[in-house]
Amino acid sequence: MIITGLVGCIVLYTGQAKFHSSTTKTLDYVVSQADTTVESLRNLSGYLGAAKRIGLDSIFLPSDVQSNIDTTITKLNSAATKLSNTTEKNSNRIDDGLDSVRLALIVLAAVMLCLAFLGFLFSILGMQACVYFLVVIGWILVAGTFILCGVFLLLHNVVADACVSMDEWVQHPTAHTALDDLLPCVDNATAQETSSRTKDTTYKLVSMVDKVTNNISNLNNPPPQLGPLYFNQSGPLLPVLCNPYNADLTDRKCALGEVELQNATQVWKSYVCEVNTAGICITPGRLTPIFYDQMEAAVNVSYGLYTYGPFLVDLQDCTFVRDTFTDISNRNCPGLRKHSSWIYIGLVMVSAAVMLSLIFWVIYARERRHRVYTKQFMAGRTGEFQVQDKGA
């Protein structure tokens, strides 16, 4: 029985260690996915804020566009904060619960092992009072351990049901489920508005750059009286920037001669002239260094907003949650199911071993007591016979 209890304790200890490790890895993965999404939301918010501040020769985005950007930024920051707080709060709560369970199982395994050893030792030494005391304590612990068996059988089923629920959610996502407490989706209305606002801002920025390109940089032989519009621009015409969207925000293909967002700044470098102290070109070129820096900033922000297009599409249909649950189901769920069953099996083995040990201790103690009484009785009878023989 002691060997069975020892094996049960080993299974229990190993199972809880692996279950805790698997669960911690799963929670860390969920938190990392949420953190990645939160970081993307905040980066997008930063790009929108930068777009509002972009200016080309004192030309800025219209005031209504800037107001809409402010509204979207507020909603983005709110969504990022909600996602981060919800995920962190639930992760910490689950982690604290798992730490408490782990400590309880370790203590239980140690106590049950010590109980089995001491009971065996006391029964061998004939310390009946100690044996009976351990029997009382042992039955209480056995009852508690069987209750824990039921709890962990329930936990094992909950883990299995959670994994099944993740698979079902991936196939048929619902508006709100218990899984939202673990990793909530971003509000669909906010995601759609952000996608629309990002496309509109990108379209307006690129249009502003092209307007400056056509009306200022590519202006041939402007008179000096034009003031800010004149900086002695000359040479080959500056290629216009390709706008990735039409006016209705549908996707647009680049026309011949347009430069794409990802390489526009490299192409435009060759069109930068040298200037004098007054900012007038003294060599052929279509851009002054200051003008180039402003247009580079506008292109970088436009490209940054454009690259978030796929992320915003994923955000609308909650793809990041789908991917997270799919990965957990495929990589983590098998280990969670297996290791939670190890804990249940270990608890059953320990409970059964200690319960049988208690019975054997009582039987052995009674048999030992009967043998002592028998020896005393036999010794007494032998003494009586000897006295009778002497009298005779």
Item to check | Side chain proximity check, L56 to M208, heavy atoms < 4.5 angstrom | outcome: yes

Next on the checklist: For the OG1 atom of T202 and the CG atom of L261, what is their distance to the nearest 0.5 Å?
Outcome noted: 8.0 Å

Checklist entry - Does V209 reach the side chain of L205, with side-chain heavy atoms less than 4.5 Å apart? => result no

Checklist entry - CG of D314 to CG of D323: how many Å apart, nearest 0.5 Å? => result 7.0 Å

Checklist entry - Out of curiosity, does I59 fall in the hydrophobic cluster containing V206 (side-chain heavy atoms, cut-off under 4.5 Å, transitive links)? => result yes

Next on the checklist: Using the ring centroid of each side chain, check whether Y271 and Y292 are separated by less than 6.0 Å.
Outcome noted: no

Checklist entry - Does C281 offer a backbone N or O that forms a donor-acceptor pair with the side chain of N232 under 3.5 Å? => result yes

Checklist entry - Just by distance, do the side chain of E260 and the backbone of C242 share a donor-acceptor pair under 3.5 Å? => result no

Next on the checklist: Treating T201 as the side-chain partner and T198 as the backbone partner, does any N or O pair qualify as donor plus acceptor under 3.5 Å?
Outcome noted: no

Checklist entry - Looking only at atom types and distance, does a side-chain atom of T37 sit under 3.5 Å from a main-chain N or O of Q33, one as donor and one as acceptor? => result yes

Item to check | Residue pair L315 / T190, side-chain heavy-atom distance below 4.5 Å | outcome: no

Checklist entry - Under a 4.5 Å side-chain heavy-atom rule over Ile, Leu, Val, Met, Phe, Trp and Tyr, are L336 and V31 clustered together? => result no

Item to check | Interatomic spacing from OG in S84 to CG in L41 - rounded to 0.5 Å | outcome: 10.5 Å

Checklist entry - Can you name the closest pair of heavy atoms from V272 and P289 and give their distance? => result CG1-N, 3.9 Å

Next on the checklist: Which heavy atom of P244 sits nearest to which heavy atom of Y306, and what is that distance?
Outcome noted: CB-CE1, 3.5 Å

Next on the checklist: Under a plain distance cut-off of 3.5 Å, with no hydrogens placed, do Y203 and N243 share a side-chain donor-acceptor pair?
Outcome noted: no

Next on the checklist: Please determine whether side-chain contact (heavy atoms from CB on, under 4.5 Å) holds for the pair V275 and T283, giving the CA-CA distance in whole Å, both sets of side-chain angles, and the decisive distance to 0.1 Å.
Outcome noted: CA-CA 7 Å; V275 296; T283 60; over 6 Å; no

Checklist outcome for this item: To the nearest 0.5 Å, atom OG1 of T194 lies from atom CG of L48 at 7.5 Å

Item to check | N246 versus T250, side-chain donor and acceptor atoms under 3.5 Å | outcome: yes

Checklist entry - Counting distance only, does the side-chain N/O of S195 pair as donor-acceptor with the main-chain N or O of A191 below 3.5 Å? => result no

Checklist entry - About how many Å separate CZ of R197 and NZ of K204, when rounded to the nearest 0.5 Å? => result 8.5 Å

Item to check | Check: R286 side chain, G235 main-chain N or O, donor-acceptor pair, under 3.5 Å | outcome: yes

Checklist entry - Of all heavy-atom pairs between L249 and Y245, which one has the smallest distance, and what is that distance? => result O-CD2, 3.8 Å

Next on the checklist: For T74, is there any backbone N or O sitting under 3.5 Å from a side-chain donor or acceptor partner on S78?
Outcome noted: no

Checklist entry - Can you list the steps and then say if N90 with L27 is a side-chain contact (heavy atoms from CB on, under 4.5 Å)? => result CA-CA 9 Å; N90 287 293; L27 290 176; over 6 Å; no

Checklist entry - Under the 3.5 angstrom rule, does the side chain of T307 hit a backbone N or O of G304 as a donor-acceptor pair? => result yes

Checklist entry - Under a 4.5 Å cut-off applied to non-hydrogen side-chain atoms, are N220 and L237 in contact? => result yes

Item to check | Residues that E258 engages under salt bridge (charged side-chain N to carboxylate O under 4.0 Å, His left out), provided they are two or more places apart | outcome: R252

Checklist outcome for this item: Taken in chain and number order and not counting sequence neighbours, the residues that satisfy salt bridge (charged side-chain N to carboxylate O under 4.0 Å, His left out) with K52 are D70

Checklist entry - What distance do T288 atom OG1 and F231 atom CZ have between them, rounded to the nearest 0.5 Å? => result 5.5 Å

Checklist entry - Which is it for Q66 and F60 under the side-chain contact (heavy atoms from CB on, under 4.5 Å) test, yes or no, and what are the steps along the way? => result CA-CA 9 Å; Q66 294 188 31; F60 296 90; 4.0 Å; yes

Checklist outcome for this item: Nearest heavy-atom contact between P239 and V259 is CB-CG1, 3.7 Å

Checklist entry - So, does D210 use its side chain to make a donor-acceptor pair with the main chain of L241 at under 3.5 Å? => result yes

Next on the checklist: Before you tell me yes or no, could you show the steps for E193 and T71 under side-chain contact (heavy atoms from CB on, under 4.5 Å), namely the whole-Å CA-CA distance, both residues' side-chain angles and the distance that decides it to 0.1 Å?
Outcome noted: CA-CA 10 Å; E193 179 182 340; T71 302; 4.1 Å; yes

Checklist entry - Looking only at heavy atoms, which two atoms of I328 and Y29 are closest? And how far apart? => result CG1-CD2, 3.9 Å

Checklist entry - In terms of heavy-atom contacts, does CD1 of I282 have more than 12 from other residues, nucleotides or ligands at under 6.0 Å? => result yes

Item to check | Heavy atoms from other residues, nucleotides or ligands near CD of Q192 exceed 12 (cutoff 6.0 Å) | outcome: yes

Next on the checklist: Tell me whether V267 shares a hydrophobic cluster with Y303, the cluster being built from Ile, Leu, Val, Met, Phe, Trp, Tyr side chains joined at under 4.5 Å.
Outcome noted: yes

Checklist entry - In terms of side-chain heavy atoms, does N332 have a donor or acceptor partner in T26 at a distance below 3.5 Å? => result yes

Checklist entry - In terms of hydrophobic clusters joined by side-chain contacts under 4.5 Å, are L103 and I94 together? => result yes

Checklist entry - Within a reach of under 6.0 Å around CZ of F311, are more than 12 heavy atoms found that belong to other residues, nucleotides or ligands? => result yes

Checklist entry - Is there a donor-acceptor contact under 3.5 Å from the side chain of N85 to the main chain of T81? => result yes

Checklist entry - Do S217 and Q233 have side-chain N/O donor and acceptor atoms under 3.5 Å apart? => result no

Next on the checklist: Assigning hydrophobic clusters by single linkage (Ile, Leu, Val, Met, Phe, Trp, Tyr; side-chain heavy-atom cutoff under 4.5 Å), is V240 placed with L287?
Outcome noted: no

Checklist entry - Which atom pair, heavy atoms only, marks the closest approach of T87 to L83? => result OG1-O, 2.8 Å

